[in-house]
Number of protein chains: 2
Amino acid sequence: MGRSSYREKILSAGISIAHERGFATSGVRDFVQAAAVPQGSFINNFGSKEAFGIAVLDRYFEGLDDIIGQTLRDEARGPIERLRSYFDTISASCEQAGWRLGCLIGNMSLEAPNHSDAIRERLVRIFADWKQPFAEAVRAAQACADLSADLDPDDVAEFLLAGWHGAMLRMKVDRSGEPLERFKRVVFATVLARPAFASTSTGKP
Amino acid sequence: MGRSSYREKILSAGISIAHERGFATSGVRDFVQAAAVPQGSFINNFGSKEAFGIAVLDRYFEGLDDIIGQTLRDEARGPIERLRSYFDTISASCEQAGWRLGCLIGNMSLEAPNHSDAIRERLVRIFADWKQPFAEAVRAAQACADLSADLDPDDVAEFLLAGWHGAMLRMKVDRSGEPLERFKRVVFATVLARPAFASTSTGKP
DNA sequence: ACAGATTATATGTATGGCCGTATATGAATC
DNA sequence: GATTCATATACGGCCATACATATAATCTGT
């Protein structure tokens, strides 16, 4: 083997830079400069900017998965509470960034798919994984009658995940947490409302 | 005055190119080449790429406003029907593009705010205008008891608009219309469901 | 109605800088 | 001694913008 590798250093700098300035609009030189490593180490370690993008995506989602573990999968709480805690935790981290950054995965979802199929396909996989803990929380809520069972839990899970990304898109434009708060207000009063209090009885056959 | 101007030609080419390849990742040369005009005409007419971006945004939203006029503001239909018709119309146009393009305004919302405050502020204004017809439809639905009046109509309007953008984000990644259909399924069964004994959401009043 | 000034835009090219990638050479590890 | 990676530099190409000049349409004064 060779020496100790700057891979980690470049990766974590890459997440910051891509998150702040966008992946497509950041140059390889921005990444290596932020990591304070020579430029050649970039190609040595990742081969291409596209491959680096995939590595960045994976690493970012690992961090997200930690948050998911502490919130969405925290079975000490009820399922609706778990969902609320996930959204609140993300809100807090968005606030820390001055409502400026949004979600790197969401950002790359609108940037990359027209340029790179490899990145697009990785995004498909990530969203498929991401959906699961949402779907489990929704199923659990339906099982304990905290939520009406009229709707397909996978539909609801995907809806929540996508809608939350829409809220973060608006957050970036408005530079305000209000879109996130609005999302929570509406969702917990309707889609995730307890059957008795909800105004959602559509009499599905 | 001078001669007849390539402004329109560049603008409409710019919408296509920016929609297909992204605004930030397209070059001025891509725009002028697609418009088949000499490069100097770009700066002559728009001054800078940033100013051009704003012009593109405005023009794109004008087109959207036509669709809004034929659907969301079509008072021949009931308010819930108007909302459905808007989403269906956009879905159809997304399908025509092979689920590849999404919404240019949404795309630029994640691209531009970190690079250009001028574009970000224009986006804020556009979203503020865009919200209005949604809010009016929601208010109308609440007034004729097609919708519970529990929620702030502006909250619901912003929620729908943002959520729809989230659905289009997923559409771009999945290259599929399913995220849009899912959005409609969930929204019309919950947030936009009739308060009590709804018959069918597709039936005419 | 006509000549000339004025203005807006066309047109082509130049500029300085950044882009992603490739590749040599050398050092450290197995 | 093979391998892996650090390190530095090089490459061809594209970037947004600036600018000099040409040309067509309008305005002005007569």
Side-chain angles (χ1 to χ4, degrees), chain A residues 1-18 20-57 59 107-108 111-120 122, chain B residues 1-18 20-57 59 107-108 111-120 122:
Chain A
M1 286 281 193
R3 316 187 222 172
S4 67
S5 176
Y6 287 157
R7 197 186 156 87
E8 293 305 312
K9 225 174 153 185
I10 303 172
L11 213 36
S12 98
I15 290 181
S16 303
I17 298 291
E20 277 161 29
R21 310 189 207 163
F23 180 74
T25 47
S26 299
V28 169
R29 283 166 181 81
D30 296 330
F31 297 136
V32 298
Q33 186 182 328
V37 304
Q39 181 169 342
S41 292
F42 184 88
I43 293 290
N44 283 343
N45 280 282
F46 299 99
S48 74
K49 194 189 174 190
E50 184 185 42
F52 180 62
I54 291 177
V56 162
L57 236 22
R59 177 56 132 267
N107 298 351
M108 286 183 72
E111 261 188 329
N114 291 103
H115 297 285
S116 159
D117 243 6
I119 291 184
R120 189 181 72 78
R122 181 57 58 108
Chain B
M1 288 286 182
R3 323 189 214 170
S4 68
S5 179
Y6 288 157
R7 198 186 156 87
E8 292 306 310
K9 227 174 153 185
I10 302 172
L11 213 38
S12 97
I15 290 181
S16 304
I17 298 291
E20 277 161 30
R21 308 189 208 164
F23 179 73
T25 46
S26 298
V28 169
R29 283 169 181 81
D30 296 330
F31 298 137
V32 298
Q33 187 183 328
V37 304
Q39 180 168 341
S41 292
F42 183 88
I43 293 290
N44 282 342
N45 280 282
F46 298 100
S48 74
K49 194 189 174 189
E50 184 185 41
F52 180 63
I54 291 178
V56 162
L57 235 24
R59 178 56 133 267
N107 298 350
M108 286 183 71
E111 262 188 329
N114 290 105
H115 297 285
S116 160
D117 242 7
I119 290 183
R120 189 183 72 78
R122 181 58 58 108

About how many Å separate CD1 of B:I17 and CD1 of B:I10, when rounded to the nearest 0.5 Å? 12.5 Å

Please assess A:F52 against A:N45 for the test side-chain contact (heavy atoms from CB on, under 4.5 Å), listing each intermediate value before the final yes or no. CA-CA 9 Å; A:F52 180 62; A:N45 280 282; over 6 Å; no

Using side-chain contact (heavy atoms from CB on, under 4.5 Å), reason through A:V32 and A:Y6 one step at a time and then give a plain yes or no. CA-CA 10 Å; A:V32 298; A:Y6 287 157; over 6 Å; no

Could you tell me which residues satisfy side chain to side chain donor-acceptor pair (under 3.5 Å) with B:S116, sequence neighbours excluded, listed by chain and number? B:E50

Could you measure the distance from the CZ atom of B:F23 to the CG atom of B:D30? Nearest 0.5 Å is fine. 11.5 Å

What distance do B:F46 atom CZ and B:S41 atom OG have between them, rounded to the nearest 0.5 Å? 10.0 Å

So which of residues 26-37 of chain A are in contact with DNA chain C, with a heavy-atom cut-off of under 4.0 Å? A:S26, A:G27, A:V28, A:R29, A:D30

Taking CD1 from B:I43 and P from C:dA10, how many angstroms apart are they, rounded to a whole number? 13 Å

D:dT21 C1' sits how many Å from B:N44 CG, rounded? 12 Å

N/O (side chain, A:N45) to phosphate O (OP1/OP2, D:dA6) under 4.0 Å: yes

Could you work out which one of D:dT7, C:dT13, C:dA10 sits closest to the side chain of A:P38? D:dT7

Round to the nearest Å and state the distance from A:H115 atom NE2 to D:dC14 atom C1'. 15 Å

Please report the distance, rounded to the nearest Å, between CD1 in B:I10 and P in C:dT9. 11 Å

Tell me which of B:Q39 and A:F42 sits closer to the 5' end of DNA chain D, going by the nucleotide each one is nearest to. A:F42

For the atom pair CZ (A:R21) and CG (B:N114), what is the distance rounded to the nearest 0.5 Å? 10.5 Å

Point-to-point distance, once rounded to the nearest 0.5 Å, from CE of B:M108 to CG of B:L57: 5.0 Å

Hey, is the side chain of B:S41 poking within less than 4.0 Å of OP1 or OP2 on C:dA10, counting only N and O atoms? yes

Lys NZ or Arg CZ of B:K49 over B:F42 ring: under 6.0 Å, within 45°: no

Which residues in residues 46-56 of chain B have at least one heavy atom lying under 4.0 Å from any atom of DNA chain D? B:S48, B:K49

